[in-house]
Amino acid sequence: MKLQTTVPLKKTENPVDYKSKLLLMGSCFVENMGGKLDYFKFQQLQNPFGILFHPVAIENLVARSLENCHYKEAEVFESDGIWHCFDAHSDLRSKNPEVLLQLLNQRLNETKAALTNASHVIITLGTAWVYWHKATNNMVANCHKVPQKEFTKELLPIEVIATSLQNMVEKVAEVNPEAQLIFTISPVRHLKDGFVENQQSKSHLISAVHKVLKGHDVSYFPAYEIMMDELRDYRFYGKDLVHPNALAVAYIWEKFKSVWIDEGCYSIMEEVDSIQKGLLHLPFNPDSEAHQKFETSLRSKITYLQERYPFMKF
């Protein structure tokens, strides 16, 4: 008896290994997959501008970084004593505008370097709903809790999203034609937009991505479809019933691993996992001979790995 439908997956011919350099940008689901890649010590940079929910915000980051279009004072604003930028997440903020500008431009430089050197670029799209700031007539990446009355809301048309994604693909190809772009749709439900509106949004994103897939050598990983079709139960969501819980993230990660991680890395990942668990170990008696032996063994494992992979930091 079959009790579950399974999204068909095919192993890629260009997998990630420990020589790969990854850049991840987009929705908060980036942090789920990025967290796993970080745990297993792959070389990766995730969300240099913080979480970016919609495609135009990600396109803006790609374009400005590659064009060396640094931020100026007129592009940041103060709210309740804190300075923000509408192009970045609220994680990038400061009490000093000059400090914020320095941080924004530093992250632009980091993004450019990552795009230029990346073997794989993973872009996760969260929503097609966007907000326009009335005073500047600019589309924002984040509203930073500025009053809603200062914005108008719009659902991006499929063609606009497709053009945005195509622009990203072409700009990356200009500086790094060998980079493998991987698009995915975040399974996080944006229910604050409304139930019907969330489905509208996801459908626009999916349709736009598949338009781009037809004309470019880019890939698609079906994270959204796996969540919707294989994990069709609220036990796979967090308490907010919006975000996938740890079990769902682990499940989707295993699917991603089966497609995108080179099997030759699996034994190294097991070594890293053993070290990570060892570092979390809390001894009953730190001064005991047994624990001292454990510490010595753990340090030896770390040294052995770092001799082969100097970029690994524990």
Quiz prompt | Minimal non-hydrogen separation, Gly35 against Gln46, with atom names | solution = N-NE2, 3.9 Å

Quiz item: Rounded to the nearest 0.5 Å, how far does OG of Ser258 lie from CH2 of Trp253?
Solution: 10.5 Å

Quiz item: Does atom CZ of Phe284 have more than 12 heavy-atom neighbours, drawn from other residues, nucleotides or ligands, at distances under 6.0 Å?
Solution: no

Self-check item: Spacing of CZ belonging to Phe42 relative to NZ belonging to Lys21, to within rounding of 0.5 Å
Solution: 15.0 Å

Quiz item: In the single-linkage hydrophobic clustering (I, L, V, M, F, W, Y; side-chain heavy atoms under 4.5 Å), do Val121 and Leu22 co-cluster?
Solution: yes

Quiz item: Under 3.5 Å, side chain of Lys134 to main-chain N/O of Lys149, donor-acceptor pair present?
Solution: yes

Quiz item: Mind checking whether Leu66 and Lys112 have side chains closer than 4.5 Å, heavy atoms only?
Solution: yes

Practice problem: Treating Ile, Leu, Val, Met, Phe, Trp and Tyr as nodes and any side-chain heavy-atom pair under 4.5 angstrom as an edge, say whether Tyr220 and Trp260 lie in one connected cluster. | Solution: yes

Quiz prompt | His291 versus Glu295, side-chain donor and acceptor atoms under 3.5 Å | solution = yes

Exercise. Give a yes or no answer on whether the side chain of Ser203 reaches the backbone of Gln200 with a donor-acceptor pair at less than 3.5 Å.
Key: yes

Exercise. Inspect the surroundings of CD in Glu73 and state if more than 12 heavy atoms from other residues, nucleotides or ligands are less than 6.0 Å away.
Key: no

Quiz prompt | Residues Met139, Leu156; criterion side chain to side chain contact (heavy atoms under 4.5 Å, CB included); working and verdict | solution = CA-CA 11 Å; Met139 189 187 301; Leu156 289 175; 3.9 Å; yes

Quiz item: Is there a side-chain contact between Asp273 and Phe40 (heavy atoms, below 4.5 Å)?
Solution: yes

Exercise. With the side chain counted from C-beta on, respond yes when Val62 and Thr111 share a heavy-atom pair under 4.5 Å apart, and no when they do not.
Key: no

Exercise. Could you state whether Met269 and Tyr251 fall into the same hydrophobic cluster, counting links through intermediate Ile, Leu, Val, Met, Phe, Trp or Tyr residues with side-chain heavy atoms under 4.5 angstrom apart?
Key: yes

Self-check item: SG-OH distance between Cys265 and Tyr18, expressed to the nearest 0.5 angstrom
Solution: 6.0 Å

Quiz item: Nearest heavy-atom pair of Ile51 and Ser27: which atoms, and what distance?
Solution: CG2-C, 3.9 Å

Quiz item: When you look at CD of Gln4, are more than 12 heavy atoms from neighbouring residues, nucleotides or ligands closer to it than 6.0 Å?
Solution: yes

Quiz item: Ignoring hydrogens and geometry, is there a side-chain-to-backbone donor-acceptor pair from Asn142 to Asp87 under 3.5 Å?
Solution: no

Exercise. Report the C-alpha separation of Met33 and Val249 in whole Å, then their side-chain angles, then the decisive distance to 0.1 Å, and conclude whether the side chain to side chain contact (heavy atoms under 4.5 Å, CB included) test is met.
Key: CA-CA 8 Å; Met33 294 298 101; Val249 170; 4.0 Å; yes

Exercise. Mark yes when over 12 heavy atoms from residues, nucleotides or ligands other than Glu289 sit less than 6.0 Å from its CD; otherwise mark no.
Key: no

Self-check item: Step-by-step side chain to side chain contact (heavy atoms under 4.5 Å, CB included) determination, Val16 to Gln180
Solution: CA-CA 10 Å; Val16 171; Gln180 173 71 63; over 6 Å; no

Practice problem: Working to the nearest 0.5 Å, report the span between CG of Asn138 and CZ of Phe86. | Solution: 9.0 Å

Exercise. Kindly work out whether a path of hydrophobic side-chain contacts (I/L/V/M/F/W/Y, heavy atoms less than 4.5 Å apart) joins Met227 to Ile122.
Key: yes

Quiz item: Any donor-acceptor pair under 3.5 Å linking the side chain of Asp38 with the backbone of Gly34?
Solution: no

Quiz item: What pairs with Phe221 under ring-ring contact (aromatic ring centres under 6.0 Å, His included), at least two apart in sequence or on another chain?
Solution: Phe256

Exercise. Please confirm whether the backbone N or O of Ala128 pairs with a side-chain atom of Ser201, one donor and one acceptor, at under 3.5 Å?
Key: yes

Quiz item: Does the ring center of Phe49 lie less than 6.0 Å from the ring center of His89?
Solution: no

All N/O donor-acceptor pairs, side-chain side in residues 304-314, below 3.5 Å, sequence neighbours left out:
| unit_1 | atom_1 | unit_2 | atom_2 | d |
| --- | --- | --- | --- | --- |
| Gln306 | NE2 | Met312 | O | 3.0 |
| Arg308 | NH2 | Glu271 | OE1 | 2.8 |
| Arg308 | NH2 | Glu271 | OE2 | 3.4 |

Quiz item: Within 45 degrees of the axis of the six-membered ring of Tyr71 and under 6.0 Å from its centre: does Arg107 put its NZ or CZ there?
Solution: no

Practice problem: Would you indicate whether the side-chain heavy atoms of His144 and Ser79 approach each other to under 4.5 Å? | Solution: no

Self-check item: Validation row: Leu280, Lys277 side chains within 4.5 angstrom (heavy atoms)
Solution: no

Quiz item: Would you say the side-chain atoms of His120 pair up with the backbone N or O of Asn14, donor to acceptor, closer than 3.5 Å?
Solution: yes

Practice problem: Please indicate whether Asp80 has more than 12 foreign heavy atoms, meaning atoms of other residues, nucleotides or ligands, lying under 6.0 Å from its CG. | Solution: no

Self-check item: Intermediate values then yes/no, side chain to side chain donor-acceptor pair (under 3.5 Å), Gln106 and Glu110
Solution: CA-CA 6 Å; Gln106 176 190 330; Glu110 291 173 3; 3.0 Å; yes

Quiz item: Can you list every salt bridge (Lys or Arg N to Asp or Glu O under 4.0 Å) pair that touches residues 237-264, not counting sequence neighbours?
Solution: Glu230-Lys255

Quiz prompt | Test item: Lys211 and Glu159 side chains (from C-beta on) under 4.5 Å apart, heavy atoms | solution = yes

Self-check item: Straight-line distance of Asn68 CG to Leu108 CG, nearest 0.5 Å
Solution: 8.5 Å

Practice problem: Could you pull out all residues at least two apart from Phe183 that satisfy ring-ring contact (aromatic ring centres under 6.0 Å, His included)? | Solution: none

Practice problem: Using the salt bridge (Lys or Arg N to Asp or Glu O under 4.0 Å) rule, take Lys171 and Glu59 through it: C-alpha gap first, then chi angles, then the decisive distance, then the call. | Solution: CA-CA 9 Å; Lys171 287 181 183 298; Glu59 179 198 359; over 6 Å; no

Self-check item: CD (Glu98) with more than 12 external heavy atoms under 6.0 Å
Solution: no

Quiz prompt | Short side-chain to backbone donor-acceptor contact, Arg64 and His70, under 3.5 Å | solution = yes

Quiz item: Honestly curious: do Val160 and Leu125 fall in one hydrophobic cluster under the side-chain, below-4.5 Å linking rule?
Solution: yes

Exercise. Evaluate side chain to side chain contact (heavy atoms under 4.5 Å, CB included) for Asp193 paired with Lys153, printing each intermediate quantity in order.
Key: CA-CA 10 Å; Asp193 293 320; Lys153 187 177 179 181; 2.8 Å; yes

Quiz item: Between Asn198 (side chain) and His190 (backbone), is there a donor-acceptor pair under 3.5 Å?
Solution: yes

Quiz item: More than 12 heavy atoms of other residues, nucleotides or ligands under 6.0 Å from CD of Gln276: is that the case?
Solution: yes

Quiz item: Remaining members of Trp129's ILVMFWY cluster at a side-chain heavy-atom cut-off under 4.5 Å?
Solution: Leu155

Quiz prompt | Heavy-atom side-chain contact between Lys202 and Ser186 under 4.5 Å | solution = yes

Quiz item: Between the side chain of Ser297 and the main-chain N/O of Lys293, is any donor-acceptor distance below 3.5 Å?
Solution: no

Self-check item: Criterion side chain to side chain donor-acceptor pair (under 3.5 Å) on Asp17 and Ser20, from CA distance to verdict
Solution: CA-CA 5 Å; Asp17 60 26; Ser20 302; 3.2 Å; yes

Quiz item: Given a cutoff of under 4.5 Å between side-chain heavy atoms of I, L, V, M, F, W and Y, with clusters grown through shared members, what are the other residues clustered with Val242?
Solution: Val188, Leu191, Phe195

Quiz item: Taking C-beta and beyond as the side chain, do Ser164 and Ile161 meet within less than 4.5 Å on heavy atoms?
Solution: no

Quiz item: Crowded around Lys19 NZ? As in, over 12 foreign heavy atoms under 6.0 Å?
Solution: no

Exercise. Measure the spacing between OG1 of Thr124 and CG of Leu205 and express it to the nearest 0.5 Å.
Key: 11.0 Å

